[in-house]
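Below you'll find the structure, written out as structure tokens, and then a few comments.
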Amino acid sequence: MKISKISAYRVELPLHETTYKWSGGKSVTLFDSTIIRVETDAGVTGYGEVCPLGPFYLPAYAEGVRAGLRELGPHLLGADPRELAKLNRTMDAALKGHPYVKSGIDIACWDILGQSAGMPVCELLGGRYAEDVPLYRAISQDLPAAMASRVVGYRAEGYRRFQLKVGGDPDVDIARIQAVAAVLQTGDRLVADANTGWVQHEAVRIARAVRDIDVYIEQPCLTYEECLAVRRQTPHPFVLDENIDGLDVLLRAKADLAMDVVNLKISKLGGLTKTRQARDLCISMGIAMTLEDSWGGDIATAAIAHLAQSTPPEFLFSTTDFNSYVTVSTAEGAPQRVNGRMAASRAPGLGVVPRMDVLGAPVVMIG
Ligand code: MG
């Protein structure tokens, strides 16, 4: 089987909440997502999706996905999409870095492998654990009372895990954590995610101020070293995210005892193949994970669900249903949230059928 054509579609994904705000005054009102279609000479077609969280979250931006595909795509024509390790080596040889560009192609090729084998991707990624997986809800940055009331609302929809977007003014952030903690119930989990937004001394002070609250602290500062310094001064369980973009830093963080949980995003690492490698290493090292992506719609959510569902439940801290945040559906068959949980499709591959009328005309065509 050979890759015969690679296309990409640009889709705009508005938010039900109209805007999503996080640290440092950053916000997004409309997500710019790229859906990648990989066709083969055997008539099997796979789909992937890459959707950066704006151009200022990770070193990735939406138009960069398309530009990168135009550069990378011609090198992949004729390759066997089912030989995923080999395909990833070919991508890394043809384009240095830019993991997010490669992610959508890798996901689409897992979709093809699954369809070819007649197996859902989660079974190929290691096996289907449990019936479904627990979701967290990201709570967009707002005034403390507004964030607390949003948690109450999402709790009523079934979510039990909440990730507060902090990383703002330290005194307001302390109030945000306190206000939300006050409305939680036994069994709920709370994460305060500063998304690199605190200066080191502020992070230490905030962690001290909430030391009696049952809360995880996620990625308080910009650099790994700053986060490690904070980690060593706080009793809270600790999550690293933005800094963990490959195996080198993951191994270093394990050696430094720098985290209790790590957030692995598929496009941050460069696709399902590389995220699976990091995921399996974390399982061997005893590190639990939030498994997700930077953002996306139905196809990204399907890929996330297969990755999460193939992870032992005790190591799956949480995952995300991004398709429920946005108002546009790009595919049939994607996971749908039920009582704060979702399940990967049991159909072969990712189990999604794109809505071509929503995708429109391709903006990238190779082959
Ligand atoms: Mg995070």
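All ligand and atom numbering here is 1-based and tracks the order in the structure.
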Could you tell me whether a side-chain N or O of S7 sits under 3.5 Å from a main-chain N or O of P362, the two making a donor and an acceptor?
no

Here the N/O/S atom of D241 closest to the Mg ion (ligand 1) would be OD2

Have a look at D193 and say which of its N, O or S atoms is nearest the Mg ion (ligand 1).
OD2

Counting neighbours of NE2 on H98 that are heavy atoms of other residues, nucleotides or ligands and sit closer than 6.0 Å, is the number greater than 12?
no

Any donor-acceptor N/O pair, R128 side chain to A344 backbone, under 3.5 Å
yes

State the atom name: nearest N, O or S atom of E218 to the Mg ion (ligand 1).
OE2

Checking D214 against R189 for the salt bridge (Lys or Arg N to Asp or Glu O under 4.0 Å) test, could you report, in this order, the C-alpha distance in whole Å, the side-chain angles of both residues, the deciding distance, and whether it holds?
CA-CA 8 Å; D214 180 9; R189 276 189 197 168; over 6 Å; no

